[in-house]
Amino acid sequence: EDADALLIYAPQSDVSEKELTMLQDFLQGGGKLILITAPPQNGALTNLDALMADYGVTAVDGIVVEGNQNNYAWGTPYYLLPDIGSHDITSPLSSGGYYILLPVAQGLTVSDELPDGVSVSQLLTSSGSSFSKAAGYSLTSYEKEEGDIDGRFALAVAVTDSGTGAGIVWVSSSALLDDQSNSQVSGANRDMFINSISWLCGQEESISIRAKSLSSDTLTVSSAAGSAYTLTVVGILPLGCLAVGMVVWIRRKRR
């Protein structure tokens, strides 16, 4: 009863009926919950899904794959670089030009008819070109196939219930807390996690982005930007140099 917030991180199996009731009672009493999940591998998280469905948020079967190169990294369409929404948790990150990286995420949908007193903010979203691969971890193609579900999807949401005072942050990729050493992206992921705790616990003054590290950072760009840089460095610049060289050679030959 005296917990400031409860964290459920990367559950490998569903909660029991008894635990579901405890969670419902905790939230009905104004509790705060951080739920960080991944697309399930060992059966559906039926009870956890039911808990969130009470607040108008449901999970989509499968793994989200991006069709927009600006929204994924390293040429891998399920290494998502989601769009960052406007919210106390995420605004410091978007204004600082940071990326959130979510490898292997599950799509979330928000109901158009939320329960009385409940509001849901979409913190992170995939693009309109995304879709959920029904094959899940067994996917063999990044192309959209029959049975796949069209996006756009929420990938992280913040839920408030004005009636009970409950608050929930749900992120649908356990990679939010994966440690990618000295990466700018992993630092932003950790900032989002810490900001989520601060927001839930009413400590808005603690919401920020971390100080710049003195260690080297890994440059992370979208696949579209990476392709453009490659084309420029490998193609355009050499051809430009060759053209200038030909012009100079021809002029000197004519002399």
Side-chain angles (χ1 to χ4, degrees), residues 1-11 22-38 48 51-52 54-57 59 80-103 105-106 108 110 114 117-126 153-215 217 220:
E1 293 182 358
D2 61 346
D4 290 324
L6 175 66
L7 168 65
I8 300 177
Y9 173 59
M22 293 171 65
L23 289 168
Q24 291 171 330
D25 292 343
F26 177 68
L27 292 172
Q28 286 296 315
K32 316 296 183 183
L33 171 66
I34 302 177
L35 181 59
I36 301 177
T37 61
L48 280 176
L51 176 70
M52 294 308 303
D54 289 341
Y55 295 91
V57 185
L80 308 180
L81 296 174
D83 295 326
I84 301 178
S86 178
H87 190 275
D88 287 344
I89 293 173
T90 53
S91 291
L93 302 174
S94 58
S95 63
Y98 286 86
Y99 284 115
I100 299 292
L101 176 64
L102 297 181
Q106 187 174 20
L108 306 176
V110 180
L114 296 174
V118 173
S119 62
V120 179
S121 298
Q122 299 189 30
L123 305 178
L124 304 174
T125 58
S126 63
F153 302 107
L155 303 172
V157 296
V159 180
T160 56
D161 186 341
S162 61
T164 63
I168 306 171
V169 172
W170 185 7
V171 182
S172 64
S173 171
S174 61
L176 183 74
L177 292 182
D178 282 357
D179 182 19
Q180 302 165 44
S181 182
N182 291 331
S183 165
Q184 178 204 47
V185 170
S186 105
N189 284 15
R190 289 193 294 269
D191 288 338
M192 181 173 172
F193 174 68
I194 293 171
N195 288 355
S196 297
I197 296 175
S198 299
W199 176 75
L200 285 171
C201 297
Q203 300 173 355
E204 281 79 5
E205 69 279 359
S206 300
I207 295 177
S208 63
I209 58 175
R210 73 202 186 291
K212 293 291 185 181
S213 172
L214 296 179
S215 61
D217 282 343
T220 300

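If you're wondering where the values come from, they're calculated on a predicted model, not measured in any experiment.
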N/O donor-acceptor pair under 3.5 Å between Y55 side chain and V159 backbone: no
Apply salt bridge (Lys or Arg N to Asp or Glu O under 4.0 Å) to D161 and list each qualifying residue two or more places apart in sequence or on a separate chain. none
As a quick check of understanding, evaluate side-chain contact (heavy atoms from CB on, under 4.5 Å) for I8 and I36, giving each step before the final call. CA-CA 6 Å; I8 300 177; I36 301 177; over 6 Å; no
Heavy-atom donor-acceptor pair, T37 side chain to A10 backbone, under 3.5 Å: no
Got F193 and L7 here, is their nearest side-chain heavy-atom distance under 4.5 Å? yes
Counting only N and O atoms by type, is there a donor-acceptor contact under 3.5 Å from the side chain of T90 to the main-chain atoms of G85? yes
Donor-acceptor pair, side chain of T164 and main chain of A166, under 3.5 angstrom: yes
Spatial distance of atom OH (Y99) from atom CD1 (I84) [nearest 0.5 Å]: 9.5 Å
Looking at every heavy atom in both L101 and N189, which two are closest together, and how far apart are they? O-ND2, 3.0 Å
Heavy-atom side-chain contact between I89 and V169 under 4.5 Å: yes
What pair of heavy atoms forms the shortest contact from T125 to A154, and how long is it? CG2-CA, 4.2 Å
Is there a side-chain contact between M192 and Y98 (heavy atoms, below 4.5 Å)? no
Side chains of L48 and L23, heavy atoms from C-beta outward: is any pair under 4.5 Å? yes
Any heavy-atom pair between the side chains of L35 and V171 that's under 4.5 Å? no
So which heavy atom on S174 is nearest to which on Y9, and how close? O-OH, 3.2 Å
L93 side chain near D191 side chain, heavy-atom distance below 4.5 Å: yes
Looking at S126 and F153, would you say the former's side chain and the latter's main chain have a donor-acceptor pair under 3.5 Å? yes
Could you check whether any side-chain heavy atom of V157 comes within less than 4.5 Å of a side-chain heavy atom of L123, counting everything from C-beta outward? no
Closest heavy-atom contact between Q106 and A38? OE1-O, 4.0 Å
For S91, all residues meeting side chain to side chain donor-acceptor pair (under 3.5 Å), sequence neighbours excluded: none
So, the side chain of K32 versus the backbone of A3: is there a donor-acceptor pair under 3.5 Å, distance only? no
Looking only at heavy atoms, the pair that brings I100 and P82 closest together is O-CD, 3.0 Å
At their closest point, which heavy atom of S119 faces which heavy atom of T160, and how far apart are they? OG-OG1, 2.5 Å
Does N195 use its side chain to pair, donor to acceptor, with the backbone of D88 at less than 3.5 Å? no
The test is side-chain contact (heavy atoms from CB on, under 4.5 Å); show your working for L33 and L27 and say whether it passes. CA-CA 8 Å; L33 171 66; L27 292 172; 4.0 Å; yes
Can you tell me how far CG of L124 sits from CG of L108, rounded to the nearest 0.5 angstrom? 10.0 Å
I'd like to know if the side chain of S173 reaches the main chain of P103, judged simply by a donor and an acceptor atom lying under 3.5 Å from each other, with no hydrogens or angles considered. yes
Gap separating the CG atom of L155 from the CG atom of L81, nearest 0.5 angstrom: 11.0 Å
